[in-house]
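Source: prediction; values computed, not measured. Here is how names work: the chains are called A, B, and so on, in the same order as the sequence lines, proteins then strands, and each is numbered from 1.
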Amino acid sequence: MTDTPVRVRFAPSPTGYLHIGSVRSALFNWLYARHSGGQFILRIEDTDQKRLVEDAVDDFTRGLRWLGCQWDEGPLVGGDYGPYQQSERLPLYQVWAEWLVEHGHAYRCYCTEERLEAMRQTQVANKEQSGYDRHCRILTPEQRAAHEAAGDPSVIRLAIEPLDGSTTFHDAIRGEITFDHSQLQDAVLLKSDGWPTYHLAAVVDDHLMGITHILRSDEWLSSAPLGVLLYQAFGWKAPVWAHLPVILNPNGKGKMSKRFAVGADGKAIPVLLKDYIAAGYLPEAMLNFLANIGWSLDGSTEVFTPEQAIAAFDIAAINPAPAAFPYEKLLWLNGIYIRQLDDDELYRRLLPFVAAGLGLDEAELAARPELRAAVPLIKERIKTLAEAAPMLTFLFEDGPLSYADPQELIGEKMDAAQTVTALQQTAAMLAALPAWDKESVETSLRELSERLGLKVRQLLHPVRTALTGSKVSPPLFEAVVILGRARTLARLAAAEAVLRDDKVSSKL
RNA sequence: GCCCCCAUCGUCUAGAGGACUAGGACACAGGCCUUUCAAGCCUGCGACAGGGGUUCGAAUCCCCUUGGGGGCACCA
């Protein structure tokens, strides 16, 4: 345990919606905060004005809450270390950037974009190492005065020092990591418009907000020494760094991009949390799934609660290797969680999805009895909430079904005539049934199949197809009950007629 | 190109020198159950990237090679 209370943060940039990889980073931070009884802070890093996406912050807060990772400080909830939006903290960064200049750890650079671009071109042409040539680092006081007098715009750059040294820091997942200073850039800390870059803003905020552990994506590893040097320059106590392994495309090729990901079968899969939400994944499944990428509860337990994860979470146990996104496993897990829900709860969650899938108004759907009755029938058959609607359309169709291929109505090892007879008999039997419940329907149909000398599956095939429009459907006896006697008899008659017509036409 | 990180079944992982005949899970294949499809249960398939060391002993430690990933902006 640490001597000071643990404070971790998730600091997304509102340049896009919540990416599934970011969500994993947020989750690990949250798990660690809860594990150690510390605070989880949400901070918005909106220093790139050009790429701002208007409703991104809303997407972040909704996504995090959907997952169940509530932050202790940040947007919507406040806190003692605010504001939690970097655009509202500009003076802070300017003050600290100035401080660095005054203390010789940073310097103003007056290089124009044109000069920088020309320098890059030359470096590429000569196959030299790329990077800023530190032109303005060695300006004389007179030269600086001249630039200032001329009103030339400037940025503030970090002065890497010593230039021939190296920086070593400890990563809680990977151990000691050393970077030679010859590889480091005199990175821009404050842009010419007075806004900070990530390097400055993150360090200033992490320090001012009392962040003790920085768990962030592996992509930041290369710029970590900049952060270390900055903490040193400021004379601040450095936090613990832990760089989380990146998540790769499911096919293992390249990291999952902001825009799309490639599945194992080469097809695209969603990358944004909101798309997973819309596809009908459960938050409890998503949390469980994400926690299992780069970390595991005990190596053998696949399904576990947030409480279990919190209790067992350990930064040092995180696997440093990049991981392909195991999409198939998410689907499987989601199915597990769906089956764990009780029927009323599943019904509640299904409502908006089925309404959307069927093109019905949610209130209208809720007023009907079919969906609630069908929940137990589809529970074991869906892996996402969105998959329910297509299986249930036959229950909400009030008119006759269309049978694209009448041949599909014909039962196994049966002909059209036999099928017609079977459908007729079924209709007659069901019409006369005294009670309309599952047992009565099942008993009568089983008896009928015996009487007709058919296997149950043989009889049920045409009945199923006639009633549902498909060879595949939820369990038939229950479906018949939900469908009701009127629609059942109407469909049986319609199917029989279609088969007759088809038989006639094929004989002509 | 340069720097950094990583390396166990197809995939997610367990394994922190002897308990490894390398465990679990997804996927896949077969079987059972069965009114279709599922679900469930059972069985099977399947890995320590390669090469050198260190050690009585290496998946575990070191080195090299190879492979994969990430980063090299007035973006984060």
Checking all strands, does A:Val456 fall into the base, sugar-phosphate, or nothing category for heavy-atom contacts under 4.0 angstrom? sugar-phosphate
Have a look at A:Phe477 and say if it touches a base, only the backbone sugar-phosphate, or nothing, with a 4.0 Å heavy-atom cut-off. base
Rounded distance in Å between the C1' positions of B:C32 and B:G18: 41 Å
Pairs under 3.5 angstrom only: tabulate donor-acceptor contacts from the side chains of residues 313-322 of chain A to other protein residues two or more places apart or in another chain.
| from | atom 1 | to | atom 2 | distance (Å) |
| --- | --- | --- | --- | --- |
| A:Asp314 | OD1 | A:Ala316 | N | 3.2 |
| A:Asn319 | OD1 | A:Ala321 | N | 3.0 |

How is A:Pro196 classified with respect to the nucleic acid when contacts are heavy atoms under 4.0 Å: base, sugar-phosphate, or nothing? sugar-phosphate
Give me the distance, rounded to whole Å, that separates B:G1 from B:G17 when you measure between the C1' atoms they each carry. 40 Å
So, does A:Arg120 get its side chain near the phosphate of B:A73, meaning an N or O under 4.0 Å from OP1 or OP2? no
N/O to N/O distances under 3.5 Å, protein versus nucleotides 38-42 of chain B:
| from | atom 1 | to | atom 2 | distance (Å) |
| --- | --- | --- | --- | --- |
| B:A38 | O2' | A:Glu380 | O | 2.4 |
| B:A39 | OP1 | A:Lys383 | NZ | 3.4 |
| B:A39 | O4' | A:Glu380 | O | 3.3 |
| B:A39 | O3' | A:Arg339 | NH1 | 3.0 |
| B:G40 | OP1 | A:Arg339 | NH1 | 3.1 |

Each nucleotide of nucleotides 13-20 of chain B classed B (base within 4.0 Å of a protein heavy atom), S (only sugar-phosphate) or -, in 5' to 3' order, makes SS------
So for A:Arg457 and B:U36, does any side-chain atom that can act as donor or acceptor lie under 3.5 Å from a complementary atom in the base? no
Less than 3.5 Å apart, any donor N or O on the side chain of A:Glu45 or A:Gln86 sitting next to an acceptor on the other? yes
Is there a Watson-Crick or G-U wobble partner for B:C2 with both distances under 3.5 Å, and if so, which one is it? B:G71
Does a distance-only test, which skips hydrogens and angles, find a donor-acceptor pair under 3.5 Å between the side chain of A:Glu219 and the base of B:G70? no
Going by atom types alone, do A:Asp171 and A:His243 pair a side-chain donor with an acceptor below 3.5 Å? yes
Within the 4.0 Å heavy-atom criterion, would you say A:Pro475 contacts the bases, only the backbone, or no part of the nucleic acid? base
May I have the distance from A:Ile247 (atom CD1) to B:G69 (atom P), rounded to whole angstrom? 16 Å
Where the side chain of A:Trp436 meets the backbone of A:Val481, is there a donor-acceptor pair that is under 3.5 Å apart? yes
Can you measure A:Leu116 atom CG to B:C72 atom P for me and round it to whole angstrom units? 15 Å
Does either side chain, that of A:Asp46 or that of A:Ser87, offer a donor lying less than 3.5 Å from an acceptor on the other one? yes
d(A:Gln85 CD, A:Asp205 CG) to nearest 0.5 Å is 11.5 Å
Which part of the nucleic acid does A:Gln185 contact within heavy-atom distance under 4.0 Å: base, sugar-phosphate only, or nothing? sugar-phosphate
Does B:C37 have OP1 or OP2 sitting under 4.0 Å from an N or O in the side chain of A:Lys379? no
Taking B:G23 as the reference, what is the distance to B:U55 when you measure between their P atoms (whole Å, please)? 30 Å
Could you give the distance separating B:A47 and B:A22 at their C1' atoms, to the nearest angstrom? 9 Å
Integer-rounded Å distance: B:C5 P and A:Glu176 CD: 11 Å
Can you figure out which of B:C2, B:A73, B:A76 approaches the side chain of A:Tyr198 most closely? B:A76
Decide if the gap between the ring center of A:Trp195 and the ring center of A:Tyr93 is smaller than 6.0 angstrom. no
So what does A:Glu478 hit on the nucleic acid, given a heavy-atom distance under 4.0 Å: a base, only sugar-phosphate, or nothing? base
Result for 5'-nearest mapping on RNA chain B, choosing between A:Glu113 and A:Arg464, is A:Arg464
Quick one: is A:Arg446 getting a side-chain N or O under 4.0 Å of the B:U35 phosphate, OP1 or OP2? yes
With a 4.0 Å cut-off on heavy atoms, is A:Leu445 in touch with a base, just the backbone sugar-phosphate, or nothing at all? nothing
Do A:Phe289 and A:Phe325 have their ring centres less than 6.0 Å from each other? yes
B:C75, OP1 or OP2 - any side-chain N/O from A:Lys50 closer than 4.0 Å? yes
In whole Å, what separates the P atom of B:A27 from that of B:U11? 16 Å
Using distance alone, with no hydrogens and no angle criterion, decide if A:Glu117 and A:Gln121 have a side-chain donor and acceptor under 3.5 Å apart. yes
Could you tell me whether the phosphate oxygens of B:A76, OP1 or OP2, come under 4.0 Å of any side-chain nitrogen or oxygen in A:Thr47? yes
Whole angstrom is fine here: how far is it from CG in A:Leu226 over to C1' in B:A73? 12 Å
Using a 4.0 Å heavy-atom cut-off across all strands, classify A:Pro474 as base, sugar-phosphate, or nothing. base
Checking only heavy atoms, does the side chain of A:Ser192 share a donor-acceptor pair with the base of B:C74 at less than 3.5 Å? yes
Pairwise P distance, B:G69 and B:C33 [rounded to whole Å]: 47 Å
For the residue pair A:Tyr17 and A:Asp55, confirm or rule out a side-chain donor-acceptor distance under 3.5 Å. yes
For nucleotides B:C42 and B:C6, find the distance between their P atoms and express it as a whole number of Å. 38 Å
Mind checking A:Arg174 for me? I need base, sugar-phosphate or nothing, with any heavy atom below 4.0 Å counting as a touch. sugar-phosphate
How long is the line joining CG of A:Leu244 and P of B:C12, in whole Å? 16 Å
NA contact type, A:Thr178, heavy-atom cut-off 4.0 Å: base, sugar-phosphate, or nothing? sugar-phosphate
Pair A:His147, A:Ser154: side-chain N/O donor-acceptor within cut-off below 3.5 Å: no
Taking the P atom in each of B:C74 and B:A16, what is the distance between them to the nearest angstrom? 46 Å
Please evaluate residues A:Leu346 and A:Lys379 with respect to the criterion side chain to side chain contact (heavy atoms under 4.5 Å, CB included), reporting the C-alpha separation (whole Å), side-chain torsions for both, the decisive distance (0.1 Å), and the verdict. CA-CA 8 Å; A:Leu346 179 54; A:Lys379 195 173 188 173; 3.6 Å; yes
For the residue pair A:Tyr337 and A:Trp332, is the inter-centroid distance of their aromatic rings smaller than 6.0 Å? no
Residue pair A:Cys111/A:Leu221 against RNA chain B: nearer the 5' end by closest nucleotide is A:Leu221
Have a look at A:Lys127 and say if it touches a base, only the backbone sugar-phosphate, or nothing, with a 4.0 Å heavy-atom cut-off. nothing
Between A:Lys255 and B:G71, does any side-chain N or O lie under 4.0 Å from OP1 or OP2? yes
Rounded distance (Å) that lies between atom P of B:C26 and atom CD of A:Glu328: 12 Å
Integer-rounded Å distance: B:C5 P and A:Phe169 CZ: 9 Å
Using whole Å, what does the distance between atom P of nucleotide B:G70 and atom CE of A:Met256 come to? 13 Å
At 4.0 Å (heavy atoms only), tell me whether A:Gly335 reaches a base, stays on the sugar-phosphate, or touches nothing. nothing
Contact class for A:Trp220 vs. all strands (heavy atom < 4.0 Å): base, sugar-phosphate, or nothing? base
Does B:A29 pair with anything, Watson-Crick or G-U wobble, both distances under 3.5 Å, and if so, with which nucleotide? B:U43
For A:Asn334, does its backbone N or O pair with a side-chain atom of A:Tyr281 as donor and acceptor, under 3.5 Å? no
